[in-house]
Amino acid sequence: MNFVEELRWRGMLHDIMPGTEDELNKQMTSGYIGFDPTADSLHVGHLTQIMTLIHFQRAGHRPVALVGGATGMVGDPSGKSAERNLLSEEILNHNVKCLEHQLKKFLDFNCGANSAEMVNNYDWFKNFTFLDFIRDVGKHLTVNYMMAKDSVKKRLEGDTGMSFTEFSYQLVQGYDFYYLWKERNCQVQMGGSDQWGNIVTGTELIRRKAAGTAYAITTQLIKKADGTKFGKTESGAVWLDPAKTSPYKFYQFWLNTTDSDAKSWIRIFTLKSQPEIEQLENEHDEAPHLRILQKALAEEITIRTHSDDALQTALKTSEFLFGNGSLEFLQSLSETEIMEVFEGLPQFKISKDELAAGITATDLLAEKTAVFPSKGEARKMITGGGVSVNKEKVPDPVQLFSSANLIKGKFLVAQKGKKNYFLIIAG
RNA sequence: GGGGGGGUUCCAGAGCGGUCAAAUGGGACGGACUGUAAAUCCGUUACUUCGGUUUCGAAGGUUCGAAUCCUUCCCCCCCCA
């Protein structure tokens, strides 16, 4: 398998430095991608980079996943229009651990010569003093060169300015590449297309400081057909951490992609072969409403990111919530089955006694539970016909609910709109 | 250090003494339509016991009345040195 060719037909390739392809075809090569610990979990936006590493390894090369314990302290200005807040060391350490844990899932760390490797740039930066850094690294690049970078230029032209800290980011990342090149024989750095400038600073540093050669590959930034940002939903980013985004929500995110996005994403986010994908596309075009592509896409990514079991639960949940989700169906389930269906969906507890006395819809949904942040909003939404309890529209904000409404004497199912479910447990 | 421009509701951005809970656009949410899609259309978008109550960087002040005027403070940006 030819790595670059693979990226190319999948539509992932954005830019590649001349000579990179020859180098990769010549021998097993080591390449890395950096992930900055800006949060305690990766999100779907990172999956492109993860897939790139997976392809890299499948092509017989050695992938290195770098977690940016040091770069995370600085803050990458690429693609950012404003200065970012610095994270405390404590939070960063926590984030680094979380990211390492997640990344381990996707790559094979024990397969001989091309086993994956995990590194943290804090390890080589923690004892690097400021003076040493500006002498050994800063001296090799001119400010003129650094200012010509897009990430810098945009901020200088904009009206928010840029701190010296963020200006220095490219040097820090550039040194990472130099270090890995020198110490780990890492020849290639990959990343999203917004990383081109930072990556090239690294190859430049390697050239000037050690007269060495290194290579760069960037991947396409994932765009949605409608131009909106990829990876965001109503409830924010789609995380890989099941505690932050349940496997059900994760599955739903992919299932809900538009037809045109699904066609490009199935190439990027699954390992299916070209004939397989073309076959699926044909089937899809014949009966688009079956959403064959979306299902194939969602299933494969959910398994890779979470697990087979998680997918089964997600499927079961989807089946209930969007399929034959009648009240009778719910009543036919056992308590544990109900809990399973609602696993990963928001749940609230209320006291049985309070319910026995009767509670109005607004109190129930805004005060006793946090389905709505305020009573006013609950009232507006109910009046607008957007709220159901136990699959039945709530006609009036002051409608009373009591123990008699409980399913299995224990549950109430609240719905905000069509897709947002909440389980209320009386106990 | 000097000069200039700013900080408005989720965001952008109007308002510049009363008619302002604050235009407009975007986003978000809900409804109709549908394929759990896209597009389109409609509604909502500070809190409320629906009497009111708290908002326009912060604190004071002027006024019958302030987001709008004054004072001090905090923060941001640009330019010059």
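Naming convention: chains lettered A, B, ... in sequence-line order (proteins, then strands); numbering from 1 in each chain. In what follows, every heavy atom counts, from backbone to side chain, and hydrogens, waters and symmetry copies are set aside. Quick caveat, the model's predicted, so the values are computed rather than measured.
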Between F3(A) and H55(A), is a ring-ring contact (aromatic ring centres under 6.0 Å, His included) present by the stated rule, with each step listed?
-> CA-CA 7 Å; F3(A) 174 66; H55(A) 286 303; 7.3 Å; no

If we take the [atom1] atom in both [N] and [M], what is their distance in whole Å?
N       : M       : atom1 : result
rG13(B) : rG26(B) : P     : 16 Å
rU24(B) : rU45(B) : P     : 12 Å
rA21(B) : rC56(B) : C1'   : 10 Å
rA14(B) : rG6(B)  : C1'   : 15 Å
rG60(B) : rG15(B) : P     : 28 Å
rC78(B) : rC73(B) : P     : 23 Å
rC47(B) : rU9(B)  : C1'   : 13 Å
rA46(B) : rC10(B) : C1'   : 12 Å

rU36(B) phosphate, OP1 or OP2: any side-chain N/O from K249(A) under 4.0 angstrom?
-> no

Hey, is the side chain of R379(A) poking within less than 4.0 Å of OP1 or OP2 on rU49(B), counting only N and O atoms?
-> yes

When both hydrogen-bonding distances must be under 3.5 Å and the geometry is Watson-Crick or G-U wobble, what is [N] paired with, if anything?
N       : result
rG17(B) : none
rA81(B) : none
rU44(B) : rA28(B)

Within the structure shown, what part of the strands sits under 4.0 Å from K418(A) by heavy-atom distance: base, sugar-phosphate, or nothing?
-> base

Touch check for S318(A), heavy atoms < 4.0 angstrom, all strands: base, sugar-phosphate only, or nothing?
-> base

Contact nearer the 5' end of RNA chain B, comparing Q252(A) with G384(A) = G384(A)

Judged by nearest nucleotide, the residue sitting upstream toward the 5' end of RNA chain B, G385(A) or L255(A), is G385(A)

Taking only Lys NZ, Arg NE, NH1 and NH2, and the carboxylate oxygens of Asp or Glu, determine whether [X] and [Y] approach each other closer than 4.0 Å.
X       : Y       : value
E204(A) : R207(A) : yes
K263(A) : E281(A) : no
E100(A) : K104(A) : no

Atom-pair distance ([atom1] on [X]; [atom2] on [N]), nearest Å:
X       : N       : atom1 : atom2 : value
K380(A) : rA21(B) : NZ    : P     : 16 Å
D259(A) : rU34(B) : CG    : C1'   : 12 Å
K416(A) : rU45(B) : NZ    : C1'   : 12 Å
K393(A) : rG31(B) : NZ    : C1'   : 7 Å
Q294(A) : rA38(B) : CD    : P     : 11 Å
L321(A) : rU36(B) : CG    : C1'   : 10 Å
F320(A) : rU36(B) : CZ    : P     : 16 Å
E286(A) : rG35(B) : CD    : C1'   : 16 Å

Where the side chain of [X] is defined as all heavy atoms beyond and including C-beta, which of [options] is the nearest nucleotide?
X       : options                   : answer
S374(A) : rA38(B), rU49(B), rC47(B) : rC47(B)
N420(A) : rC47(B), rU49(B), rG30(B) : rG30(B)
K375(A) : rA37(B), rG35(B), rU48(B) : rU48(B)
M381(A) : rU36(B), rU48(B), rG30(B) : rG30(B)

Torsion-based syn/anti label for rG51(B), 90° from 0 as limit = syn

Can you tell me if CD on E5(A) sees more than 12 non-hydrogen neighbours from other groups inside 6.0 Å?
-> yes

Other residues, nucleotides, ligands: >12 heavy atoms within 6.0 Å of K408(A) NZ = yes

Does NZ or CZ of K97(A) lie under 6.0 Å from the centre of the six-membered ring of Y122(A), at an angle within 45° of the ring axis?
-> no

